[in-house]
Amino acid sequence: MTTTIGLRPTRRLILQGAASVALLGLGNLPFAPARSAANDKYPEEAFKQKNEADAIKTLYGKTAEPSDKVKLDAPEIAENGGVVPISVTTSLDKVTSISFFVAENPFALAASYKIPDGTIPAVANRLKMAKTTKLTAIVEADGKLYSATKEVKVTVGGCGG
Amino acid sequence: MKQRATVLLGSALGALAALVFAATRVVAADTVDPAADAKAFQNFFFQKFPTVKHEDFVNGPYSMNEDMKRQWREKEEFPPYEFSLDAGKEMFSTPFKNGKTYADCFPNGGIGIRQNYPYFDEKEGKVVTLELALNRCREANGEAPYSYVKDEMASLTAYMAFTSRGKPMDIKIPDDPRALAAFENGKRYFYTRRGQMNFSCASCHVQSPGERIRAETLAPALGILNAMPIYRSEWSGMGTISRRFVTCNSQTRAVPLEPQSDEYRDVEYFLSYVANGLPISGPGARP
Amino acid sequence: MKRSLALAMLLVSSLAPSARAANEADYKAAYAAAEAASKEAAGMRNQWTVTVSALAAAKKAADGGDFDRAVAAAREAEALAKASIFQATSEKDAWKAMEIR
Amino acid sequence: MASSIRVRATANGDITEVQALIQHPMDTGLVKDPKGELIPAHFIQELKFECNGKDVFVANWGTAVSKDPYVKFSFNGARKGDDLKISWTDNKGASDTTTAKIS
């Protein structure tokens, strides 16, 4: 990041400000939905895996095969590594899960979505990318994994500082 | 021998002509003519980027690059400045300790007036910007002024800009020598090289808009303040005009001046005046 | 051959006096000159960030007793300050060349 | 205090499109503050959307989701006026919830 010395504290203060605002929302106690099924549990282990292959194996326990039925939409050059708009759609049916993996990030698994039936198998979100990286979207359909991959170029902006 | 002489004579004549031409230009520049400057400024960009619609210039880098415009369009569906806008709206209607609100300080209750800022205050003999007017309103009502580079000021100006969206920039220069001097001072600041990088605002925003400085695409100078304040992903937060000027200075390794120094107020006056007619598009989202 | 030998001798002798370690007095003189130039640049509202950091580095090195580095940093700060002064002076008219007319 | 969740749910025909923007720092735990200390990880782990008593969308997020996270999806089987309940919990146990009417 090319933030200058003078600037860094303001960004931090803003973040701290936002954090305190978020904590303010602590009002209601975290309720654990009583009937959440076992596999609804947060995939802690998968998010801890550093590289992509381990993350996929930990999360799904099987490997994916590339498929042109998975349409991954991501910018060629990210406007900013902190906010990269990414979306995926698929024509596969019986989709139960969609996940995103950013190969060059410290932890490959970025986000994983459960798609109950009746929900359209498509997601748009904004992810962080540490540097130029391969981005992989994996769709679990009828128990099998299908993937699409795209490279996103990421670098800092500005002229120096 | 003869051949060398003609070459010498030719270059001497050429130099003489250049001098005369330069002289006339210098004379023309001494009388300050903002209207002519604005016309020349706008025509420069309209001719340099004939395919860009005139009102599109206010979208900065997104008017220069299709791929980034798509990313921006996606973000605009639910823009990251949404929280700051809501906060600004709330702050705008929350009364001060003395019961007054910002609406009491501004014409038309502060709604839909952003396009007239900055203006030249003939009593004070200086340019007054929206951020300065907001802090003066706070001080006049016994409240502490906000930092010019922090979120509160950005939220207030975001809300006021939002209420003026689409209205053409409408900056006036009264027939007052001090106003003309402020305009000229702003113009000089805009074109003056500074910092170890030896860049002026024009080096990036006039000579190379549309080109990249690493990941970022440079915005054209025309309409560059129309989208202020901006949420920048790079700052992952809001930025006022003051914050943008200060950070641009430090990027060229020039020590920034105090926010709302005369130079900053005058360059804002110059940049807003030459964008007269182009729509307000703030608050904006930028890389 | 003889001429280059003489040249080399001259070069070595000019380096000789600064070869011994700089002391506090050298640092104080170099820092004062740098600070004066930096104040002048600030007065022209055209200070560079690198001048400020070079001055700070000089002071830090001096506090740590490393006067060689302190003097070097102070000299660098002075040079940077002088460059920013030259920039401000020349830009007084040079800006017009870039102006859109 | 306004909720940290902004949501827009619009139904056209049988498909309801949902967009949500949540105010949260999403700190990765790998970034240092100006004093050089690591800012502890603080990010939303689970975001759940329920409609008519059924989960319609569940997001499990890691540290790579952007600050002030945004998500968009669509689902079938809801009509204008139905309630959509949104709730998130983060790695510090903080949470927030809100209910929005499908317009």
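So you know, we letter chains A, B, ... as the sequences are listed, proteins then strands, and number each from 1. Basis for what follows: all heavy atoms, side chains included, without hydrogens, waters or symmetry-related copies.
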Fill in: CD-CZ distance between A/E79 and B/R232, expressed to the nearest 0.5 angstrom
9.5 Å
Fill in: Intermediate values then yes/no, side chain to side chain contact (heavy atoms under 4.5 Å, CB included), B/R70 and A/D73
CA-CA 11 Å; B/R70 201 174 48 75; A/D73 183 16; 3.7 Å; yes
Worksheet item: To the nearest 0.5 Å, how far apart are CG in B/N65 and CD1 in A/I77?
Response: 7.5 Å
Worksheet item: Is A/K131 atom NZ crowded by more than 12 heavy atoms from other residues, nucleotides or ligands, each under 6.0 Å away?
Response: no
Practice prompt. Using non-hydrogen atoms and a 4.5 Å limit, figure out which bit of A/A78 sits close to chain B: side chain, backbone, both or neither.
Written response: backbone
Worksheet item: Measuring from A/K128:NZ to B/S233:OG, what's the distance to the nearest 0.5 Å?
Response: 12.0 Å
Discussion item. Is it the case that atom CG in A/D117 sees more than 12 heavy atoms from other parts of the structure closer than 6.0 Å?
Written reply: no
Practice prompt. Evaluate whether atom NZ of A/K150 has more than 12 neighbouring non-hydrogen atoms of other residues, nucleotides or ligands under 6.0 angstrom away.
Written response: yes
Discussion item. Take a 6.0 Å sphere around NZ of A/K69 and say whether it holds more than 12 heavy atoms from other residues, nucleotides or ligands.
Written reply: no
Worksheet item: More than 12 non-hydrogen atoms from neighbouring residues, nucleotides or ligands closer than 6.0 Å to CZ on B/F78, yes or no?
Response: yes
